[in-house]
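The block underneath contains the structure these notes are about, expressed in structure tokens.
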Amino acid sequence: MILAVSLNPALDVTYHIDETIRPHATHRVRRVDVAAGGKALNVARVLDTLGTRVTVTGLLGGTNGDKITAALPATVPHTFVPIDGESRATIVVADGTDATGFFEAGPTITAAAWAGLRRRVAGFLPVANVVVLSGSMPPGLSTDAYAELVRASVEHGRYTVLDADGEALTAALRHHPDVIKPNTAELAAAVPELDTSTIDGAFAAADRLREAGARAVVASRGADGLIAVAEDGTRWQATLGEALAGNPTGAGDACVAGLVRGVQYGYDWPGRLREAVALSAAAVLSPVAGAVDVHDYLRFRRRVTVTERPPP
């Protein structure tokens, strides 16, 4: 079973407009989509679409919390720890070519709520073979929050995938998550002394993060696909070979879903990366984050090129 942990769930509201968004202007909204969001919930929804069993937990409260629960697919089991505050909302404006996001910080989390979530996660560790820790951290939590959950998961021998940034990411590295998944900006922030805009610089940064404790690193590079440095140090590059227009908001979460799906079904690294790129591409074509069209995924999966890169 896969466990997806969301520290900061969101009620995702996507406004669709027919023109490029312009500052200080009025835009007519053609359609509004509302979904259960936040990175970990997006990962879970993509996995569920593909028939992969996943359970979600996290911190949830208020009217938005009720709406998030109601918006989750009925096929995704969930058990959230209640909080006193109001769970956040996120607003994305999608114009068919790209998207602009407005993300609330989230409610302040008390020590009692955090202790409750740690206990909830611990209760799943005997049965969850893969643990996904993904998304922003709400106010009130220490930067060691993900580090605590990584440590508990790894101590139970669970394959742990971490998608975080900043101090939360670097603090967790010492507990050796199996995979971390930074994007280009997060990779640059984690290793600022390197030029991560180049593929050689990105690989060098991934090596640094492995030296700091990550067992494997997968970095998403937008239209340039993915790079990966595996546990044994082998290097991979995965690309689709075509640019896509759409809503990229949930592409990174779909990437994580592909990596997790590959682990769950025992794929080798080329297979995992093929899943990740295909699902990322399908997510860009979807109007809302956390959703993919299975036909798009299967079509893109046949087009992904995975290449082993020579060592430095």
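All values below come from the heavy atoms of this structure, side chains included, with hydrogens, waters and symmetry mates left out.
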- Is it the case that one hydrophobic cluster holds both Val263 and Trp236, taking links as side-chain heavy atoms less than 4.5 Å apart, direct or via other members? yes
- Query: Would you call Val218 and Leu259 a side-chain contact if the rule is heavy atoms closer than 4.5 Å?
  - Reply: yes
- Item | side-chain contact (heavy atoms from CB on, under 4.5 Å) assessment of Phe300 paired with Leu244 | CA-CA 11 Å; Phe300 288 134; Leu244 299 173; 4.0 Å; yes
- Which atom names give the shortest non-hydrogen contact between Val292 and Leu279, and what distance separates them? CG1-O, 3.8 Å
- Among residues two or more places apart or on two chains, list those pairs meeting salt bridge (Lys or Arg N to Asp or Glu O under 4.0 Å) that have a residue in residues 121-132. none
- Item | salt_bridge(Glu148, Arg118) N-O dist < 4.0 Å | yes
- Message: If we ignore hydrogens and angles and just use 3.5 Å, is the side chain of Asp144 paired with the main-chain N or O of Ala147 as donor and acceptor?
- Response: no
- Nearest non-hydrogen partners of Phe80 and Arg120, listed with the distance: O-NH1, 3.3 Å
- Listed partners of Glu167 passing salt bridge (Lys or Arg N to Asp or Glu O under 4.0 Å), at least two apart: none
- Message: Strictly distance-based, threshold 3.5 Å: is any side-chain N or O of His175 a donor or acceptor partner for the main-chain N or O of Val150?
- Response: no
- Apply side-chain contact (heavy atoms from CB on, under 4.5 Å) to the pair Val131 and Leu125, showing each step before the final yes or no. CA-CA 8 Å; Val131 178; Leu125 292 180; 3.8 Å; yes
- Message: Is any side-chain heavy atom of Val161 closer than 4.5 Å to one of Asp178?
- Response: no
- Query: How close do Ala4 and Ala40 get, heavy atom to heavy atom, and via which atoms?
  - Reply: CB-O, 3.9 Å
- What pairs of residues pass the side-chain hydrogen bond (donor to acceptor under 3.5 Å, both in side chains) test when at least one of them lies in residues 209-225, not counting sequence neighbours? Lys181-Ser220
- Message: Strictly distance-based, threshold 3.5 Å: is any side-chain N or O of Arg309 a donor or acceptor partner for the main-chain N or O of Ala228?
- Response: no
- Query: Hey, is the main chain of Pro248 close enough, under 3.5 Å, to the side chain of Asp98 for a donor-acceptor pair?
  - Reply: no
- Task: Mark yes or no for whether Ser153, through its side chain, and Arg158, through its backbone, hold a donor-acceptor pair below 3.5 Å.
- Result: no
- Item | Any donor-acceptor N/O pair, Asp165 side chain to Glu186 backbone, under 3.5 Å | no
- Message: Any heavy-atom pair between the side chains of Arg208 and Leu194 that's under 4.5 Å?
- Response: yes
- Task: Determine, using the 4.5 Å side-chain heavy-atom cutoff (strictly less than), whether Val229 and Leu173 are members of one ILVMFWY cluster.
- Result: no
- Query: Linking I/L/V/M/F/W/Y whenever their side-chain heavy atoms sit closer than 4.5 Å, directly or via other members, would Tyr159 and Tyr267 fall into one cluster?
  - Reply: no
- Kindly work out whether a path of hydrophobic side-chain contacts (I/L/V/M/F/W/Y, heavy atoms less than 4.5 Å apart) joins Phe124 to Val154. yes
- Query: Distance from Asp95 atom CG to His16 atom NE2, nearest 0.5 Å?
  - Reply: 11.0 Å
- Distance-only donor-acceptor check, side chains Thr234 and Asp232, under 3.5 Å: yes
- Determine, step by step, whether Arg88 and Leu11 satisfy the side-chain contact (heavy atoms from CB on, under 4.5 Å) criterion, reporting the C-alpha distance in whole Å, the side-chain angles of both residues, the deciding distance to 0.1 Å, and the verdict. CA-CA 6 Å; Arg88 65 187 178 129; Leu11 185 69; over 6 Å; no
- Is there a side-chain contact between Phe203 and Pro312, using heavy atoms and a 4.5 Å cut-off? no
- Side-chain contact test, heavy atoms from C-beta onward, threshold under 4.5 Å: evaluate it for Asp163 versus Leu133 and give yes or no. no
- Decide yes or no for Leu298 and Val294: does some side-chain heavy atom of the first lie under 4.5 Å from some side-chain heavy atom of the second? yes
- Item | Side-chain heavy atoms of Leu3 within contact of Val132, under 4.5 Å | no
- Message: Measuring from atom CD of Glu86 to atom CG of Asp84, what distance do you get when rounded to the nearest 0.5 angstrom?
- Response: 11.5 Å
- In terms of side-chain geometry, is the basic nitrogen of Arg22 or Glu19 positioned less than 4.0 Å from the acidic oxygen of its partner? yes
- Item | Ser280 side chain vs Ala251 backbone, donor-acceptor pair below 3.5 Å | yes
- Nearest non-hydrogen partners of His27 and Ile21, listed with the distance: NE2-CA, 3.5 Å
- So, for Pro177 and Ala172, which heavy atoms are closest and what is the spacing to 0.1 Å? CD-O, 3.5 Å
- Message: side-chain contact (heavy atoms from CB on, under 4.5 Å) for Arg119 and Leu117? Distances and angles first, verdict last.
- Response: CA-CA 5 Å; Arg119 289 192 297 269; Leu117 181 60; over 6 Å; no
- Glu104 side chain to Ala89 backbone, donor-acceptor under 3.5 Å: yes
- Note on the structure: Here the salt bridge (Lys or Arg N to Asp or Glu O under 4.0 Å) pairs for residues 245-258, sequence neighbours left out, are Lys39-Asp253
- Mind checking the OG1-CZ spacing from Thr90 to Phe103? Nearest 0.5 Å is all I need. 5.5 Å
- Query: Nearest 0.5 Å, what's the CE-CD distance between Met1 and Gln264?
  - Reply: 9.5 Å
- Give every residue pair that meets the salt bridge (Lys or Arg N to Asp or Glu O under 4.0 Å) criterion with at least one member in residues 295-304, sequence neighbours excluded. Glu242-Arg303, Glu275-Arg301, Asp296-Arg299
- Query: Do side-chain atoms of Asn42 reach the backbone of Gly250 as a donor and acceptor pair under 3.5 angstrom?
  - Reply: no
Pair up each side-chain donor or acceptor in residues 53-69 with any protein partner under 3.5 Å, not counting sequence neighbours, and list the distances.
| from | atom 1 | to | atom 2 | distance (Å) |
| --- | --- | --- | --- | --- |
| Thr57 | OG1 | Thr79 | O | 2.6 |
| Asn64 | ND2 | Ser87 | O | 2.9 |
| Thr69 | OG1 | Gly65 | O | 3.1 |

- Message: I need the minimum non-hydrogen distance between Arg45 and Ala36, along with the two atoms involved.
- Response: NH1-O, 2.9 Å
- Message: Could you tell me if the side chain of Thr52 sits less than 4.5 Å from the side chain of Tyr265, heavy atoms only?
- Response: yes
- Message: When you group the ILVMFWY residues by side-chain heavy-atom contacts below 4.5 Å and let the links chain together, are Leu240 and Ile227 in the same group?
- Response: no
- Does atom OH of Tyr297 have more than 12 heavy-atom neighbours from other groups under 6.0 Å away? yes
